[in-house]
Amino acid sequence: MRYAQVVSAGHSQIVEAADLPPGGGEVRVRTLASGVCASEGPAWARHDGPRPLRLGHELTGEVVALGPGVHGWSVGDRVTGFASPAFADMVNTPAAALLPVPANVPSLAALGEPLACVVEALSRCALTPGQRVAVVGLGFMGLIAVQVAAGRAPARLVGVDPLPHTRDLALALGADEVRAPEEAADFAAGFDVVIEFSGKAPGLKLAGDLVTRHGTLCVAGYHQDGPRELDIELWYRSVTIVNGFSGDRWRVMAALNEGLRLMADRRLTLEPLVTHTVSLDDVDRGFGYLTERPAGFVKCVVTP
């Protein structure tokens, strides 16, 4: 097997290693696609040793071997779910961390881990038909959130992002309106539910400004570059603040199951969001896209 490991800041090497059979309760999966996630960008960019670092956790693959005690799976099944480190051409992972990929979903667009995270975040917002909903931050996960929210019959669904091409995608995927952040001030305190996926301090502040009295603010963006502040005015407006993250595997597996059902029903797609692909040998270029943000970029996937 081959896998990538980070050996210094922003530099990976490819390692050849012997195949390892799956252990008890595990399956061996041939990687078909592995997403490059912004949450691992800092680890890649700042790694200074002394040991190599292996990354990747957004896996779609094909079962090639079953470990002892594994039932209900067959060699050749396409799967997605939770596996790490996934920047490799083969991965051993617990069978209980995987679900089957629907037949109508291309492997490149069946990244289960981020899908599960988004569906779980929105499940905690108590979305009901007829609400006014805004999604702040229209990156890969924010654009998934737009589709999930659109399926809850909102009276109004607005996407907010500085990039024109992601705003256009939001419109194509179910948003009623889109705005650049500087244009969204007109919507102050106008939404029953605001879902923040920007991962940035200005985006979080804007998301708070948009929530109406007794509304809900869901903080779902991955905030990794320092402290965050929330205006005490949210308290006076009786805003409910929801943490969009859950570390409970049973919850995210249930969310993954729901997300895959939406994909199978053609109510949700990741296909237009996967804008760039690289080989395993070029995983550093994939991470570079996260900082360079080339024209039209939304998501890069490694395809070993």
Side-chain angles (χ1 to χ4, degrees), residues 1-6 12 14-37 39-40 53-119 140-141 144 249 252-264 268-271 273-283 286-287 299-304:
M1 65 169 288
R2 302 169 74 241
Y3 62 84
Q5 62 180 16
V6 187
S12 302
I14 302 300
V15 176
E16 299 269 357
D19 280 347
L20 295 175
E26 292 184 335
V27 293
R28 188 154 185 79
V29 177
R30 180 170 66 88
T31 304
L32 300 176
S34 184
V36 180
C37 180
S39 70
E40 293 184 329
L53 176 66
R54 294 187 61 186
L55 299 173
H57 59 269
E58 301 179 357
L59 175 76
T60 303
E62 179 184 7
V63 174
V64 296
L66 309 178
V70 172
H71 306 283
W73 294 102
S74 300
V75 171
D77 287 345
R78 284 193 309 146
V79 295
T80 189
F82 299 84
S84 180
F87 290 143
D89 56 16
M90 294 284 180
V91 179
N92 288 343
T93 193
L98 302 172
L99 287 174
V101 175
N104 62 305
V105 178
S107 299
L108 201 67
L111 301 176
E113 191 272 348
L115 173 65
C117 290
V118 175
V119 175
F140 179 64
M141 297 179 79
I144 300 174
R249 179 55 58 86
V252 291
M253 287 302 293
L256 175 56
N257 189 60
E258 171 65 9
L260 292 171
R261 184 190 66 79
L262 292 173
M263 284 183 164
L268 189 157
T269 179
L270 307 188
E271 290 183 64
L273 310 186
V274 178
T275 55
H276 292 69
T277 60
V278 295
S279 69
L280 186 62
D281 300 89
D282 284 335
V283 65
F287 275 108
K299 180 72 168 182
C300 179
V301 170
V302 177
T303 55

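Here the structure is a predicted model, which is why all the values come from computation and not from measurement. Computed from heavy atoms alone, side chains included, the values below leave out hydrogens, waters and symmetry copies.
The minimum heavy-atom distance between C300 and G286, with the atom names listed, is SG-CA, 3.7 Å. Here the shortest heavy-atom pairing between V119 and G259 reads CG2-CA, 4.0 Å. Residues L280 and A4 share a closest heavy-atom pair of CD1-CB, 4.0 Å. Heavy-atom minimum distance, S34 versus G56: OG-CA, 4.5 Å.
Under the side-chain hydrogen bond (donor to acceptor under 3.5 Å, both in side chains) criterion, D282 pairs with R285, sequence neighbours left out. By the side-chain hydrogen bond (donor to acceptor under 3.5 Å, both in side chains) test, S12 pairs with D284, sequence neighbours left out.
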Output side-chain donor-acceptor pairs under 3.5 Å for residues 95-117, partner residues at least two apart or in another chain, one line each.
from : atom 1 : to   : atom 2 : distance (Å)
N104 : ND2    : M263 : O      : 3.3
S107 : OG     : R78  : NH1    : 2.9

In residues 85-92, what donor-acceptor pairs under 3.5 Å come from side-chain atoms, sequence neighbours left out?
from : atom 1 : to  : atom 2 : distance (Å)
D89  : OD1    : R2  : N      : 3.0
D89  : OD2    : R2  : N      : 3.2
N92  : OD1    : R28 : NH1    : 2.7
N92  : ND2    : L20 : O      : 3.0
N92  : ND2    : P21 : O      : 3.4

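From T269, atom OG1 reaches atom CD1 of I144 across 9.5 Å, with rounding to the nearest 0.5 Å. Here the CG atom belonging to N257 is positioned 8.0 Å from the CE atom belonging to M253, to the nearest 0.5 angstrom. Distance CD/E26 to CG/L66: 11.5 Å, rounded to 0.5 Å.
Judged purely by atom type and a 3.5 angstrom limit, T80 uses its side chain to pair as donor or acceptor with the backbone of L59.
Under the side chain to side chain donor-acceptor pair (under 3.5 Å) criterion, the residue pairs touching residues 57-77 are R30-E62, E40-H57, E58-K299, with sequence neighbours excluded.
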